[in-house]
Each structure stands twice: as C-alpha cells, then as structure tokens.
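Inspection log for the structure reproduced underneath, given as structure tokens.
Both backbone and side-chain heavy atoms feed into the values below; hydrogens, waters and symmetry mates do not. Numbered from 1 within each chain, the chains take letters A, B, ... in sequence-line order.
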Protein chains: 2
Amino acid sequence: MSESVPESVDRGRAPNIRDVARLAGVSHQTVSRVLNNHPSIRESTKQRVLEVMTELQYRPNRAARALVTSHSRTIGVLASQRSQYGPSSIIQSIELAAQDAGYLVSTANITATDEDSIVTALDHLNAQAIEGLVIIAPQVRVVRAISNLDLRVPFVTMSTTDGTEDHAVAVDQVAGARLATRHLIELGHRDIYHLAGPQDWIEAEARMHGFLQEMNAQDVPTTAPILGDWSADFGYYAGRELMRVRDFTAIFSSNDQMALGLIHAIRDAGQDVPHDVSIVGFDDIPEAAHFWPPLTTVRQDFPELGRRCVAQLLGTMGKAPSGYAGPIQPELIVRRSTAAPSF
Amino acid sequence: MSESVPESVDRGRAPNIRDVARLAGVSHQTVSRVLNNHPSIRESTKQRVLEVMTELQYRPNRAARALVTSHSRTIGVLASQRSQYGPSSIIQSIELAAQDAGYLVSTANITATDEDSIVTALDHLNAQAIEGLVIIAPQVRVVRAISNLDLRVPFVTMSTTDGTEDHAVAVDQVAGARLATRHLIELGHRDIYHLAGPQDWIEAEARMHGFLQEMNAQDVPTTAPILGDWSADFGYYAGRELMRVRDFTAIFSSNDQMALGLIHAIRDAGQDVPHDVSIVGFDDIPEAAHFWPPLTTVRQDFPELGRRCVAQLLGTMGKAPSGYAGPIQPELIVRRSTAAPSF
DNA sequence: CTCCTGAATGTGCACGGTCACATCCGAGCG
DNA sequence: CGCTCGGATGTGACCGTGCACATTCAGGAG
C-alpha cells in the first residue's frame with residue numbers, strides 16, 4: 001500500500017480550521033472563535049482569519065460540529081401526504097420560518113400508515129440529531145406511536161383535540177367546521193350531509209365534531225357523516241352514491257378536492273350547484289375560486305400556521321419565548337356554490 | 001423565561017458503541033463490525049451485541065460516522081414552488097426512492113429567484129455534506145447559477161433542452177406539448193393560442209417550443225404565446241383578456257391550473273367549453289378529471305420521474321449502474337374539454 | 001516596581017464512530 | 001509436536017470542531 005502519495009496542492013480533503021489557522025498564523029481555537037463570533041477577538045485578527053477563509057473557500061464541517069456540540073441546528077418535519085396542498089404549504093412556510101431562525105429543515109415522509117413506517121421515518125430524523133420535531137401528519141395513530149416512542153426531542157404537533165396543549169399548534173378546525181355548517185343552516189338548509197376525511201385524521205375528526213356540534217346547537221337533525229379519503233375521486237364516487245337518494249339540499253365537504261368531485265357527480269346526475277344542492281368545502285386551495293361554480297369554503301392560513309409551528313417549537317426548545325397565542329381562527333369564504341334551498 | 005430545568009436521571013448522554021461494547025464484553029471495534037455487517041463475526045457474538053443494543057436503545061450517531069467517513073448518506077434536493085403539485089409529487093417520489101437506496105433526503109427551498117437565495121439554499125445543503133443533488137427548480141437562472149458555482153457534488157437536473165444530457169432527467173416536454181397541439185389540430189382547430197408558463201422555466205420553454213414546432217409542422221399559423229405564472233388566477237385573468245378578442249377556437253395551456261382559470265373566464269363571458277373553445281392542459285393533476293368539463297390534458301409520470309432522478313444520481317455518484325433510459329414519454333389524456341370547432 | 005485584572009490567544013482533550021494494524025487462537029499439516 | 005494460516009477480535013490513531021483551562025500581555029492601581 002503506497003502511502004507516499006505526493007500531496008497535490010489543492011487536491012485531497014477540504015480545508016479545516018487548522019489549515020486556516022496555519023495560513024493566518026493563529027491557533028485553531030482563534031479560528032473557531034471567529035466562526036462563533038466570540039466577543040474578545042481583535043478586529044484585525046478576525047479580518048485576517050476571514051480573508052484566509054474566503055481564500056481557501058473554507059466551509060465549516062457540520063458533522064464535526066454536531067458531534068462535539070450535539071447541536072445540529074436542524075429541525076425535523078414528519079409528514080405524510082406531502083403532495084397535498086395543505087401539508088406542502090405548511091412545510092414550505094416552516095422551512096421559511098426555520099431558515100429565518102438559522103435552522104435547517106429535514107423532512108421525513110410516512111409512506112404507509114403502519115407503525116413500522118413511522119418508526120423508520122423517526123429513525124431517519126433521529127439519525128440527523130434533530131433538535132426539534134414538527135409533526136404535520138396529524139393522524140391519530142401517528143400521534144399515538146410518537147407518545148409511545150418517547151422521543152427525546154421537543155416536538156410540536158397539530159392535534160387540536162388533544163389535552164397536550166403545549167405541544168399543539170392548530171387552526172381551530174372545530175370553529176371552521178361550525179362556520180361552514182352555520183352558513184348552510186342560516187341559508188335555510190335542514191338536510192345537510194357531511195363528507196368527512198379519513199377517520200384516522202385528527203383534522204377530519206375535528207371538522208366532523210364541529211359539524212355535529214353546530215347541527216346540535218341549532219337543533220337540526222343529522223345523519224352519519226360519510227368517511228372519505230380527501231381525494232376528488234372519492235368525492236365523485238360518494239356523490240354518485242348520494243345522488244341515488246337525494247334526501248338532502250346541502251353537503252359540507254371536509255376539503256376542497258372532495259367538494260370538487262361532489263360537484264362533478266351532482267352535475268353528472270343532471271342537477272345544479274347551488275340551485276339543487278349547496279356545497280361547502282374546506283381549505284380554500286388556490287383553485288377553489290375557479291371551480292364551477294366558485295367554491296364557498298373555509299380558508300386556513302397555512303403560512304401563519306407554519307410560522308407558529310416553528311415559533312412554538314423554538315419556545316419548547318427554550319430558544320425563544322414561547323408566545324402561545326391560541327388556535328388560529330379560520331375564515332369563511334362565501335362564493336357561489338351555496339344558496340338558499342329551492343323547495 | 002423559565003430555565004432551571006432539573007436534569008432528569010437517565011437524561012445523561014446517549015449510549016455509544018463503547019457502552020455497548022462494555023456491556024457485551026467485547027471491544028468497541030467488534031460492535032462497529034456488527035453495525036457494518038462485517039463477515040467475520042461469530043454469530044453468537046453478533047447476537048449478544050445486538051441484544052445489548054436493543055436493551056440500551058442504542059442508535060448510531062450519524063454525525064460521528066459522517067465525520068470519519070465523510071459520507072453522509074444524504075442527498076439534497078433543491079426545489080422551488082414546493083407547494084405546487086408537480087414539484088411536491090416529485091419530491092415525494094425522490095424521498096421514497098432515496099430511502100430504498102439507504103439515503104436520506106434534505107430539501108432546501110429557493111424562496112426568491114435572485115442568485116443570493118440560490119446560494120443560500122446551496123450553502124444549507126453543502127453544510128449537510130450532501131453526496132448528491134437533485135435540482136427540481138428548473139428555472140433557467142437557477143441552472144446557470146449552479147454551473148457558475150462549481151459545486152463539488154454530482155447533481156441531476158431536469159433541464160431537457162440543455163446539452164448536458166448526463167445531468168438531465170426529464171419528461172419529454174416537447175413531445176408532450178406536440179401531443180396536445182396535434183390533438184387540437186386534428187380536431188380541426190386552426191386558431192390556437194398557447195398560454196405558456198413563466199419564461200424563466202425550462203419546462204415552460206420546452207412546452208412552448210413543442211407547441212410552435214407542431215404548429216409549424218402542420219402549417220398552421222401561430223400567434224405569440226402568452227406568458228403566465230402557472231396559477232389559476234392568472235389563467236382567469238388571461239382568459240378575460242382573451243375573451244375580448246375571440247379570434248380563436250382553442251387554447252393549449254401550459255398547466256392544468258391555468259387551464260382551470262381559463263375555463264372559468266370563458267364561462268363568465270357566456271361561452272361554452274368545449275363548444276365555443278377547446279382547452280387542453282398539462283400535468284393531469286388528480287383534480288383535472290373532475291373539472292367542468294373534465295380536462296383534456298397531458299399526463300406526466302411524476303413518480304417515475306422521481307425514481308429516475310435518484311437512479312441517475314446514484315449512477316453519477318458511482319454507486320449504481322447509470323442506466324440512462326432516455327426521456328420519459330408523456331401521455332395524452334382526452335376528456336371532454338376538447339371537441340371539434342363549431343363554425 | 002510589583003501585583004492584579006481582564007482581554008486576547010494558545011494547548012490539550014473529548015465527542016463517537018471507522019480504519020489500519022496487531023494479536024490471539026484453533027485447525028490442518030508435515 | 002511445532003509451524004503456518006486464516007478467522008475472530010482487540011488496540012490505538014484519527015476525522016474536524018468546541019470546550020475547559022492555561023498562558024501571555026498590556027495597563028492601571030497600590
């Protein structure tokens with residue numbers, strides 16, 4: 001094994017603080033101090049070190065730093081259904097807010113709903129020595145798995161119904177659902193269906209609760225909600241089934257995509273929205289305003305949600321004051337998919 | 001404000017290989033060999049070590065491993081517009097494929113289009129010692145900035161028009177656009193507009209080229225494409241302007257969202273799709289089948305694209321055979337938003 | 001002039017793994 | 001019975017950085 005390799009000049013490994021130190025004529029510790037903005041470094045020394053750094057194209061080795069400090073300056077995001085509008089919007093705003101706070105974001109996807117998949121994803125994040133965790137895969141079983149796993153990092157979820165309020169950041173889904181339901185009732189509807197999301201999802205459950213609460217509060221009898229899967233395809237399928245019965249004048253859909261499918265099915269059956277059936281969605285995706293008819297829906301402020309997640313997490317981590325500001329209030333956006341029933 | 005955290009008992013540091021070694025009665029190196037599946041380890045020893053590992057809940061420290069091997073087993077993804085359907089679908093499938101190959105994925109967002117923002121994002125990824133990079137923010141200026149930056153890691157982009165074929169993985173956007181255009185021409189349309197994406201986007205440019213190529217090939221005179229921003233809002237706005245003129249019978253939109261906005265505007269003007277105007281989109285987002293009318297569009301196989309990105313990247317990294325299979329062929333999905341023109 | 005003080009800088013070690021090399025031990029063979 | 005050989009395991013160094021502590025140095029007080 002020849003090891004007498006003539007070390008080519010700029011070849012070999014990347015420069016480290018000792019290389020910088022040598023060229024700047026200081027100790028490696030001084031370089032480290034410059035890196036970390038230590039107060040007692042002479043300005044001239046600092047400048048010299050910085051010059052050498054740019055000259056050598058020096059980049060601090062994050063692995064080494066993480067090793068010694070056990071601080072990775074990384075927060076993890078545990079997500080599922082990332083291609084959906086809500087989750088991906090939230091991730092985006094989390095990244096933005098995290099960057100502002102000097103943190104990196106690593107995401108891990110839950111591919112399946114089994115616990116193994118969750119553990120795998122968490123392992124991936126743990127392996128990165130994340131300092132905090134945001135869970136935006138608000139399925140009941142995910143939250144449960146996480147409680148069992150006793151992860152060692154502070155985390156924030158979006159469960160709104162849980163008792164652990166200090167872990168939760170949320171849009172007030174119940175209030176949003178009540179807003180939507182009240183709107184329909186005030187228009188004069190009495191026979192209202194609810195197309196819910198998957199039962200396992202905390203948000204879906206909360207919206208369903210809001211729906212039932214408002215119906216009860218207004219003394220309107222209800223039927224059992226239909227459990228969907230968030231997709232437009234399912235909305236269409238459910239709509240076709242429902243149109244065989246036609247014992248309703250309005251449907252509150254748990255998200256906008258299913259609402260779109262519903263409208264499609266209703267029109268296929270020769271009926272009109274909103275004349276025959278009123279439809280309300282949830283989320284206010286950017287396309288909702290251009291559905292036909294434009295969709296009445298409940299707007300969630302996703303960017304604000306992402307910001308609060310990070311703020312809350314930093315608070316829990318002790319890095320920032322944890323100004324808990326209560327749940328975010330959603331907003332009803334009335335468009336043309338709702339009208340008074342035509343008896 | 002509260003900080004006096006009482007250090008819980010077992011809170012000490014996480015167990016390391018030496019802890020495991022001590023309890024198993026072996027050396028730390030033996031533990032390391034177990035971790036790395038070294039062949040010459042007696043089965044009984046291996047079992048004993050593994051038992052201790054689970055007992056201590058041992059997790060290898062990735063930072064330490066990365067430090068010594070300078071392998072992070074992480075690939076970076078540089079993305080923009082992550083909340084859009086295409087990018088987020090691709091990211092999701094990249095993560096899946098990367099996980100299968102034993103890699104982690106770190107994403108960085110380009111928040112603005114300026115070069116600074118790109119450099120910041122790249123710095124974030126570089127800091128993670130990524131071994132490869134996937135660029136799914138296919139804006140011209142991003143690719144240019146990256147060429148200038150001379151990053152030290154292998155990378156894969158989605159530029160289809162570039163000469164650097166070994167870096168590129170792509171759906172054949174030109175072919176897809178020609179498919180859509182040909183469909184309209186074969187239906188009998190002659191006055192066809194193209195609503196393009198932002199000029200800076202490589203995909204937008206490729207689709208525009210495909211449109212123009214096909215129009216020329218079929219000897220149909222063309223007008224200048226309209227440059228949009230991918231959003232349904234813009235599609236609506238553009239549609240309203242276009243409806244003042246009405247010198248066309250069909251529009252090929254560069255994505256489905258803008259197509260939705262177009263349909264909305266056309267209907268607002270009292271015209272019908274497809275009777276008065278035929279519309280073709282691009283992407284086949286899951287909602288497209290439920291638009292009114294259901295949208296004729298060009299389907300891109302995003303999951304396959306993500307898989308190929310990772311395969312290609314691993315090939316470039318020398319970790320796997322780089323089976324370059326040529327661009328992915330998109331598929332025309334004919335629905336009810338297109339029909340023969342009614343003269 | 002000496003001593004003290006605090007700013008500026010240097011020295012050695014620790015972090016948790018992997019690598020190169022050394023060592024141990026039992027089997028096979030002349 | 002001694003020697004070789006290779007499988008199984010141990011030993012020490014090292015990766016790049018930050019921390020605790022040591023050291024130097026200049027300036028002001030006594």
Side-chain angles (χ1 to χ4, degrees), chain A residues 1-5 7 12-50 52-53 56-74 123 126-129 131 152, chain B residues 11-50 52-53 56-74 126-129 131 152:
Chain A
M1 287 315 206
S2 69
E3 36 76 44
S4 63
V5 181
E7 283 293 322
R13 69 193 200 298
N16 59 26
I17 47 171
R18 284 169 221 265
D19 297 327
V20 175
R22 201 177 313 120
L23 256 83
V26 295
S27 75
H28 74 273
Q29 179 58 14
T30 299
V31 177
S32 173
R33 289 198 178 95
V34 171
L35 279 176
N36 296 288
N37 282 322
H38 191 94
S40 54
I41 287 280
R42 200 177 314 176
E43 188 58 28
S44 62
T45 311
K46 185 174 178 179
Q47 285 311 321
R48 189 152 28 100
V49 170
L50 288 176
V52 176
M53 280 182 179
L56 290 184
Q57 293 220 45
Y58 168 79
R59 298 238 166 265
N61 181 319
R62 208 169 267 261
R65 183 177 292 180
L67 176 60
V68 64
T69 61
S70 38
H71 284 344
S72 57
R73 294 202 75 77
T74 298
D123 272 2
N126 263 331
Q128 303 242 55
E131 296 177 35
R152 302 167 188 177
Chain B
R11 203 58 179 84
R13 66 187 204 305
N16 59 27
I17 47 171
R18 286 166 223 266
D19 297 327
V20 175
R22 201 177 315 119
L23 255 83
V26 296
S27 75
H28 70 272
Q29 177 59 12
T30 300
V31 177
S32 173
R33 290 198 177 96
V34 172
L35 279 176
N36 295 289
N37 282 322
H38 191 95
S40 55
I41 287 280
R42 200 177 313 172
E43 189 57 30
S44 61
T45 312
K46 184 174 178 177
Q47 286 310 321
R48 191 151 27 98
V49 170
L50 287 176
V52 176
M53 279 182 179
L56 289 185
Q57 295 219 42
Y58 168 78
R59 302 239 164 265
N61 181 318
R62 210 169 264 262
R65 183 177 293 179
L67 175 59
V68 63
T69 60
S70 38
H71 284 344
S72 60
R73 294 201 76 78
T74 298
N126 263 332
Q128 303 241 53
E131 296 176 34
R152 303 169 186 176

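- A donor N or O paired with an acceptor N or O is found under 3.5 Å between the base of C:dG10 and the side-chain atoms of A:R33.
- At least one side-chain nitrogen or oxygen of B:T45 sits closer than 4.0 Å to the OP1 or OP2 atom of D:dT9.
- Atom CD1 of A:I17 and atom CD of A:Q29 lie 7.5 Å apart (nearest 0.5 Å).
- Between C:dA7 and A:S40, no contact under 4.0 Å exists linking OP1 or OP2 to a side-chain N or O.
- A straight line from CD1 of A:I17 to C1' of C:dG12 spans 13 Å, rounded to a whole angstrom.
- On a pure distance criterion of 3.5 Å, a polar donor-acceptor pair joins the side chain of A:R18 and the base of D:dT17.
- Judged by distance alone, with hydrogens and angles left aside, B:H28 brings a side-chain donor or acceptor within reach of the base of D:dG12, the pair sitting under 3.5 Å.
- Between B:V26 and B:A64, the residue anchored closer to the 5' end of DNA chain D is B:V26, taking for each the nucleotide with the nearest heavy atom.
- Picking from C:dT18, D:dG18, D:dG10 the nucleotide with the shortest atom distance to the side chain of B:T30 gives D:dG10.
- Rounded to an integer number of Å, the gap from A:R22 CZ to C:dT9 C1' is 18 Å.
- B:A63 approaches A:A66 most closely through the heavy-atom pair CB-CB, 3.9 Å.
- Between B:I41 atom CD1 and D:dG7 atom C1' there is a gap of 10 Å when expressed in whole angstrom units.
- The separation between B:H38 atom NE2 and D:dG7 atom P is 9 Å, rounded to whole Å.
- Nearest approach of B:L35 to B:Y58, heavy atoms of both residues: CD1-OH, 3.6 Å.
- Looking at the side chain of A:R42, the nearest of the listed nucleotides C:dG17, D:dG16, C:dT9 is C:dT9.
- Counting all heavy atoms, side chain and backbone alike, B:P60 lies closest to B:R65 at CB-NH2, 3.6 Å.
- Dashed line: the shortest gap from a side-chain N or O of A:N16 to OP1 or OP2 of D:dC15 is not under 4.0 Å.
- The shortest heavy-atom contact between B:A24 and B:R48 is O-NH1, 2.6 Å.
- When the C1' atom of D:dG7 is taken as reference, atom NZ of B:K46 falls 16 Å away, rounded to whole Å.
- Distance CZ (A:R65) to P (D:dC15): 19 Å, rounded to an integer number of Å.
- If you check D:dT17, C:dG17, C:dA20 against the side chain of A:N61, the one that comes closest is D:dT17.
- If you take CG of A:D19 and P of D:dT17, they are 9 Å apart, rounded to a whole angstrom.
- Between B:S32 and the phosphate of C:dT18, there is a side-chain N or O to OP1/OP2 separation shorter than 4.0 Å.
- Listed candidates were C:dG16, C:dA20, C:dG17. Nearest to the side chain of B:Q29 is C:dA20.
- In this structure, the CG atom of A:N36 is 13 Å from the P atom of D:dA20, given to the nearest Å.
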